[in-house]
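Below, each value reflects all heavy atoms present in this structure, side chains not excepted, and no hydrogens, waters or symmetry copies. Counting from 1, the numbers follow the sequence of the chain as shown.
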Amino acid sequence: MTNIRTLIILGATGDLTSRLLLPGLGTLLSSAPDLRIDVVGSSREPAEGWAQVVAEAFDSVGASGPAAAHTRETARYLAGDVTDAGDLERLLDDVEGPVCLYFALPPAVTARACEAMAGLDLPEDLVLALEKPIGSDLGTARELNRLVGRLVPEERTFRVDHFLGMPAVLNFVGLRFANRLLEPLMSREHVESVEIVFDETLGLEGRAGFYDAAGALRDMIQSHLLQVMALVMMEPPSSFDQVEIPTLTSHVLRAAKPWQGDPALAAVRGRYTAGDVDGRELPDYTAEDGVDPGRGTETFAQVVLEVDTWRWNGVPVTLRSGKAIGNPRQEIAITFRRPPHDYEQLPRSGDVAPNVLRMGLEEEQLSLELNVGGPFDSRGMTRVTLSSGMARPGLTAYGSVLRGVLEGDHTFSVRGDAAEQGWRIVDEVLAAFEDGRVPLLEYPAGSSGPV
């Protein structure tokens with residue numbers, strides 16, 4: 001690993017830090033006993049209880065060993081305003097480099113912090129890690145990339161999308177490229193459709209301050225599912241490294257566009273109403289604390305895209321995410337084309353169920369749906385599913401993200417142009433939302449989403 005010694009977390013008192021970032025660091029430290037990282041938290045709030053926050057986060061994942069013990073013992077907190085140049089200067093002067101500055105902040109606050117840093121004498125080896133989303137539209141993403149580029153070079157900039165560190169997503173890469181059986185089938189000649197779905201049973205869960213200003217399209221499809229799509233559908237790399245993978249995934253995003261070029265036809269949006277999810281009663285979204293009903297925020301978004309390349313032209317790619325969904329799906333699903341020939345002794349090809357390859361995103365379950373039997377089998381045609389679970393991952397998604405940052409490895413970091421391309425795609429759909437071309441439908445909490 002690189003010799004980064006200090007990880008400064010800006011926005012340390014936020015939910016992201018305690019729920020995801022610190023536990024992820026705990027899994028990484030447990031797997032790398034020789035690593036020594038000092039963690040410094042910073043935000044406007046008082047410093048009370050920071051050591052306890054770190055300890056509880058590590059305990060939640062059973063973090064142990066000398067590396068985890070060192071971080072527990074050295075964790076400290078410095079209160080300050082991240083948008084104030086003086087406070088940032090004192091923060092950087094108080095730590096020993098090499099140092100990584102992790103922005104666990106909303107994009108607008110990150111931009112103001114970068115503006116404040118522009119006049120400072122920054123450490124030569126400073127690394128910046130920016131939490132998603134990168135900006136709030138194409139214009140702000142470009143501006144944030146410009147600001148960051150004035151501070152540090154691209155090789156010391158990491159744009160974090162923890163979905164790219166998900167064990168299931170990383171597993172799909174190996175599944176596709178380490179098996180001769182699968183890769184030749186991953187093209188328009190053999191694939192009928194691609195789906196990347198991340199539905200949740202959860203409702204708002206007290207996150208109105210963030211979510212009501214974002215909605216499902218920005219929060220999930222722009223920030224996560226587009227990047228997963230790019231990794232799933234990229235061309236075969238000559239090497240799994242920080243040059244090839246970001247280049248190939250950016251190529252996919254550049255070629256992506258709404259199905260038939262019309263976001264009004266390609267998109268669906270909805271908002272949940274009161275209902276029951278797994279025995280929990282959820283109120284109408286507009287009745288949740290902190291929600292502004294006039295905003296028209298969607299809690300469900302679905303977009304069908306086309307990646308217009310020689311490999312994928314004509315294949316619909318569905319990205320979908322919704323809250324308060326009953327029996328939710330969280331998976332990558334590749335549906336293959338049906339057989340090209342009809343047999344008198346078998347059902348017509350159009351009546352034969354297609355083969356489907358599925359990779360569960362949260363629960364790592366790999367399955368392949370096949371047809372067996374036939375005219376000489378007394379049972380006729382039979383549908384079977386081959387399935388397998390995966391070994392328990394050693395790192396959480398954020399553990400993988402932080403490993404890349406500390407190793408200086410951008411393989412699964414989002415490149416600046418890829419972040420901008422994601423907004424280019426989504427901005428078209430948002431425009432169709434805002435002018436009413438895509439109506440805001442309603443669906444009861446606990447249902448499968450809007451019809």
Side-chain angles (χ1 to χ4, degrees), residues 1-82 87-105 109-110 113 117 122-123 125-132 152 156-160 162 165 394-409 413:
M1 288 191 177
T2 188
N3 58 349
I4 283 180
R5 291 176 51 189
T6 305
L7 176 65
I8 300 176
I9 302 175
L10 303 180
T13 56
D15 175 69
L16 169 69
T17 299
S18 59
R19 186 170 56 89
L20 295 172
L21 189 55
L22 288 174
L25 178 62
T27 63
L28 174 62
L29 295 174
S30 295
S31 69
D34 295 333
L35 194 59
R36 295 294 180 269
I37 298 294
D38 298 343
V39 173
V40 179
S42 183
S43 68
R44 290 180 176 179
E45 285 76 12
E48 297 175 6
W50 172 245
Q52 184 65 23
V53 170
V54 174
E56 290 178 356
F58 281 17
D59 289 343
S60 71
V61 292
S64 61
H70 171 86
T71 299
R72 287 176 189 260
E73 293 165 4
T74 59
R76 56 198 179 91
Y77 184 96
L78 296 172
D81 181 352
V82 299
D87 284 358
L88 286 168
E89 186 173 34
R90 284 189 291 273
L91 181 64
L92 290 170
D93 286 346
D94 195 64
V95 298
E96 297 181 4
V99 59
C100 171
L101 204 55
Y102 195 110
F103 294 81
L105 299 167
V109 181
T110 297
M117 291 171 62
L122 300 175
D125 48 11
L126 178 66
V127 170
L128 301 184
L130 282 67
E131 183 63 44
K132 68 88 182 173
V152 299
R156 287 194 274 119
T157 302
F158 290 82
R159 297 169 189 84
V160 170
H162 75 276
L395 299 181
T396 66
Y398 267 93
S400 293
V401 163
L402 287 169
R403 179 175 62 184
V405 172
L406 297 176
E407 289 181 346
D409 184 353
S413 173

Inset, instruction - Output yes when a side-chain donor or acceptor of R76 lies under 3.5 Å from a complementary backbone atom of E73, and no otherwise. - result: no

Inset, instruction - Quick one: do R5 and D125 satisfy salt bridge (charged side-chain N to carboxylate O under 4.0 Å, His left out)? Show the steps, please. - result: CA-CA 11 Å; R5 291 176 51 189; D125 48 11; over 6 Å; no

Inset, instruction - Measure the CG-CG distance between L88 and D81 for me, rounded to the nearest 0.5 Å. - result: 8.0 Å

Inset, instruction - Mark yes or no for whether T157, through its side chain, and L128, through its backbone, hold a donor-acceptor pair below 3.5 Å. - result: no

Legend entry - Where G11 and T17 come nearest, the two heavy atoms and their spacing: O-OG1, 3.2 Å

Inset, instruction - Flag the pair P66 / R36 as yes when at least one side-chain heavy-atom distance between them is below 4.5 Å, and no otherwise. - result: yes

Inset, instruction - Mind checking the CG-CG spacing from L16 to L22? Nearest 0.5 Å is all I need. - result: 9.0 Å

Legend entry - side chain to side chain donor-acceptor pair (under 3.5 Å) between S64 and S30, worked out: CA-CA 5 Å; S64 61; S30 295; 4.6 Å; no

Legend entry - Value rounded to 0.5 Å, distance of OG1 in T110 from CD in E131: 9.0 Å

Inset, instruction - Examine distances only and state if a side-chain atom of T74 and a backbone atom of D38 form a donor-acceptor pair shorter than 3.5 Å. - result: no

Legend entry - Side-chain touch L105/V82, heavy atoms, less than 4.5 angstrom: yes

Legend entry - Gap between atom CZ of R403 and atom OG of S31 - 0.5 Å precision: 7.0 Å

Legend entry - Donor-acceptor under 3.5 Å (S60 side chain, A57 main chain): yes

Legend entry - For the student: nearest non-hydrogen atoms of S42 and G80, plus distance: OG-N, 4.1 Å

Inset, instruction - Report yes or no: does T71 contribute a side-chain atom to a donor-acceptor pair with the main-chain N or O of I37 at less than 3.5 Å? - result: yes

Inset, instruction - Check the side chains of Y77 and S43 for a donor-acceptor pair under 3.5 angstrom, ignoring hydrogens and angles. - result: yes

Legend entry - Nearest heavy-atom neighbours spanning V39 and L25: CG2-CD2, 3.4 Å

Legend entry - Beyond-backbone contact of V53 with T13, side-chain heavy atoms, under 4.5 angstrom: no

Inset, instruction - State, with a plain yes or no, whether a side-chain heavy atom of L91 is found less than 4.5 Å away from one of L10. - result: yes

Inset, instruction - Using a 4.5 Å cut-off on heavy atoms from C-beta on, say whether the side chain of V40 contacts that of L7. - result: no

Inset, instruction - Determine the minimum heavy-atom distance between A32 and A67, stating which atoms define it. - result: O-CB, 3.3 Å

Inset, instruction - Could you tell me which residues satisfy salt bridge (Lys or Arg N to Asp or Glu O under 4.0 Å) with D59, sequence neighbours excluded, listed by chain and number? - result: R72

Legend entry - From CG (L101) to CG (L92), nearest 0.5 Å: 6.0 Å

Legend entry - Within-4.5 Å side-chain heavy-atom neighbours: L29 and F58: yes

Legend entry - Atom of S400, atom of G165 and distance for their closest heavy-atom approach: OG-O, 3.6 Å

Legend entry - Spacing of F158 atom CZ and D409 atom CG [to the nearest 0.5 Å]: 7.0 Å

Inset, instruction - For I9 and A104, work out which heavy atoms get closest and say how close. - result: CG2-CB, 4.2 Å

Inset, instruction - Can you sort out the partners of D87 under salt bridge (Lys or Arg N to Asp or Glu O under 4.0 Å), two or more places apart, ordered by chain and number? - result: R90

Legend entry - V127 vs V99, side-chain contact (heavy atoms from CB on, under 4.5 Å): CA-CA, chis, key distance, verdict: CA-CA 6 Å; V127 170; V99 59; over 6 Å; no

Inset, instruction - Taking the side chain as every heavy atom from C-beta outward, state whether L126 and M117 have any pair of such atoms under 4.5 Å apart. - result: yes

Inset, instruction - Indicate yes or no: at least one non-hydrogen side-chain atom of V160 is less than 4.5 angstrom from one of Y102. - result: yes

